[in-house]
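Note sheet for the following structure.
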Amino acid sequence: MDKRNAALTALVVDDSRTIRELVSAMLEAQGIGCVEQAEDGVSAFRAIDRLEKPVDLLFCDLAMPGVDGVETLRGLAARNIQAGVVLLSGVDPKLIKTVADMAEQLGLRVLGSVAKPFREEQIAEVVAQYHRICAPKRGRPALTITGPELDAAIDDNRIEVFYQPKVRVADSQVAGVEALVRMRHPAYGLIQPDAFIDIAEETSKRITRLTLAVLGKAIAQAGEWRRSGLDLGLAVNVSTQALRRLDLPDMVEDMASKAGVDHTSITMELTESQVMGTAEILHILSRFRLRNFKLSIDDFGTGHSSLARLRRLPFTELKIDRSFVDGASEDADLQSILTSSIELGKRLRMTVVAEGVERWADWRLLERLGVDQIQGYIASLPIAASDIPGFVKRWTERAA
Ligand code: C2E
Ligand code: CA
Ligand code: CA
């Protein structure tokens, strides 16, 4: 649990008392300092006027008798609250898009939606999301995990993997997912990677064990999806420290064949700053490519790669860092950076992905500039494996 949660105020607006109670209990379990409930829009306005602090997190049902969810959001925005909004119930993604657009214009941010049956992890994830995008940026995460704590989590199988969908722009279909590691802490619940990746990277043994744990789970999961008829590409973040292990390509090959997953559907993501290193890395990357795995250059734009070197590296995908993506539709400089990065990627015959897409205006810009795939809160937060089939189904129906 994040210590910052104690300072937050949440308001749960739903006409069903059962849902209000359930979501409130889960928020309290996350350590949220103040949780208020309202059964409809009008009582929500009253609650806001009564509260001494602004509401930080607003959980709102869209379909309510009387003042509906959309009107409620307008009324709350008019009271100048700058909350992160979470939509309750299985709302259709198209509607979420529309509401997200509207909320943005009103100065609210849609953090995502949670569908029945509500689960603690979903609530924890949207709260974490709030800290990532709404709360003022801080230098250090509030919680840090020690090396031995991380080792114990790996030993006890408390490493979990969340998945964030990547959407193809051309036909709006889900092209694949990126695996993102989480750690389950006995007292604090689900911990985000910011709190432990740096510690993991401190020793090559630790980062290698963590990387193997994530690869093992994610590849097995991709195999399960495949057997249930869901053919999704899988991207996994691999640190170059872990790549130094010479038998890694063989190990990944072994995992893939056990899970029945095609090599061409697995992508290794490496950050730009890490791959500009040594010849040794080039050697291992080539061995992955020889086995038909795909390679993505992550956080592109932050690592000063030389064009000459980029040309020689066997990458199949270029992933533009979110710092150049978010807000680009309103910033001419970002647009120039995007235009040239996209052109570079295309010329080098790479799939171009934009990460961190949060707004529709940016999506439309990226589409116009020829980006192949989009990843970001606008499509989905990172979600549990069990939520992926439902997401794909809703997204596919929406695109049809
Ligand atoms: P990344 O590889 O750049 O992963 C994307 C991060 O951006 C994820 O954070 C994701 O939740 C976040 N994100 C996605 N869409 C949006 C958006 O629209 N807006 C904003 N503001 N953020 C968005 P997460 O899961 O906290 O991961 C953070 C970083 O931790 C990752 O950045 C990656 O560098 C590292 N990481 C995660 N999983 C692993 C892993 O298994 N191995 C290694 N070595 N590193 C990992
Ligand atoms: Ca990544
Ligand atoms: Ca990235």
Side-chain angles (χ1 to χ4, degrees), residues 1-6 8 10-12 14 19 22-32 35 56-61 83-91 93 96 99-100 103 108-135 141-143 145 153 158-167 174 177-197 214 217-218 221 235 237 322 355-358 375-392 394-395:
M1 193 184 355
D2 194 315
K3 285 185 200 139
R4 291 171 295 178
N5 290 355
L8 298 182
L11 176 62
V12 182
D14 199 305
I19 292 184
L22 181 67
V23 174
S24 301
M26 287 177 172
L27 286 166
E28 272 154 13
Q30 291 300 314
I32 303 291
V35 182
D56 304 299
L57 280 160
L58 182 73
F59 289 77
C60 191
D61 186 14
V85 175
V86 181
L87 304 175
L88 291 173
S89 85
V91 201
I96 294 180
V99 174
L108 303 166
R109 263 294 161 86
V110 176
L111 299 177
S113 68
V114 288
K116 278 180 249 179
F118 302 111
R119 285 202 321 273
E120 210 118 305
E121 298 94 85
Q122 294 181 298
I123 303 289
E125 188 66 19
V126 287
V127 173
Q129 199 61 21
Y130 169 83
H131 289 299
R132 283 197 289 258
I133 71 173
C134 293
L143 180 76
I145 298 295
R158 281 186 283 109
I159 296 302
E160 296 187 16
V161 183
F162 270 48
Y163 299 87
Q164 188 177 37
K166 293 164 84 175
V167 176
V174 182
V177 294
E178 175 178 1
L180 293 159
V181 66
R182 305 287 184 259
M183 177 192 140
R184 171 123 355 234
H185 190 282
Y188 303 132
L190 208 59
I191 310 280
Q192 306 293 320
D194 296 0
F196 59 87
I197 287 291
V214 174
K217 288 193 182 222
Q221 182 61 59
N237 295 286
R322 64 170 178 266
E355 66 176 14
V357 184
E358 296 181 9
Q375 186 180 345
Y377 299 159
I378 197 147
S380 171
L381 306 181
I383 52 182
S386 55
D387 291 329
I388 287 287
F391 173 84
V392 174
R394 288 197 300 278
W395 194 268

Audit row: V161, Q221, side-chain contact (heavy atoms from CB on, under 4.5 Å) steps and yes/no: CA-CA 10 Å; V161 183; Q221 182 61 59; over 6 Å; no

side-chain contact (heavy atoms from CB on, under 4.5 Å) evaluation trace for L88 with F118: CA-CA 9 Å; L88 291 173; F118 302 111; 3.9 Å; yes

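In this structure, CG in L381 is found 10.0 Å from CZ in F162, a value given to the nearest 0.5 Å. Atom CD1 of I19 sits about 6.5 Å away from atom CG of D61, to the nearest 0.5 Å. How far CG of D56 is from CG of N5: 10.0 Å, rounded to the nearest 0.5 Å. Between atom CZ of residue R119 and atom CG of residue L22 there is a gap of 12.0 Å, rounded to the nearest 0.5 Å. In this structure, CD in Q30 is found 10.5 Å from CG in L57, a value given to the nearest 0.5 Å. Rounded to the nearest 0.5 angstrom, L58 CG and L11 CG are separated by 5.5 Å.
Considering only heavy atoms from C-beta on, D387 comes within 4.5 Å of Q122 through its side chain. Residues L27 and V127 meet the side-chain proximity criterion, which asks for heavy atoms closer than 4.5 Å. Side-chain contact check for I378 versus V167: every heavy-atom pair is 4.5 Å or farther apart. In this structure, F391 and P165 have side chains that are in contact, with non-hydrogen atoms separated by less than 4.5 Å.
In summary, E125 and R182 engage in a salt bridge, as defined by a charged side-chain N under 4.0 Å from a carboxylate O. A salt bridge does not link R132 with D194: none of the charged nitrogens is closer than 4.0 Å to a carboxylate oxygen.
The minimum heavy-atom distance linking I159 with K217 is given by the pair O-NZ, 3.0 Å. Of all heavy-atom pairs spanning L8 and I32, the tightest one is O-CG2, 3.4 Å. Taking both residues in full, the closest heavy atoms of Y163 and A384 are given as CD1-C, 4.5 Å, listed atom of the first, atom of the second, then distance. Considering every non-hydrogen atom in both V110 and A100, the closest pair reads CG2-CA, 3.5 Å. Taking all atoms of both residues into account, the shortest heavy-atom contact from F196 to I191 is CE2-O, 3.5 Å. For R322 against G356, the heavy-atom pair with the smallest separation is CB-CA, 3.6 Å.
With sequence neighbours left out, R109 forms a salt bridge (Lys or Arg N to Asp or Glu O under 4.0 Å) with E358. Scanning for side chain to side chain donor-acceptor pair (under 3.5 Å) contacts around Q375 gives Q164, E178, K319, with sequence neighbours left out.
R158 places a side-chain N or O within 3.5 Å of a backbone atom of R184 that can act as its donor or acceptor partner.
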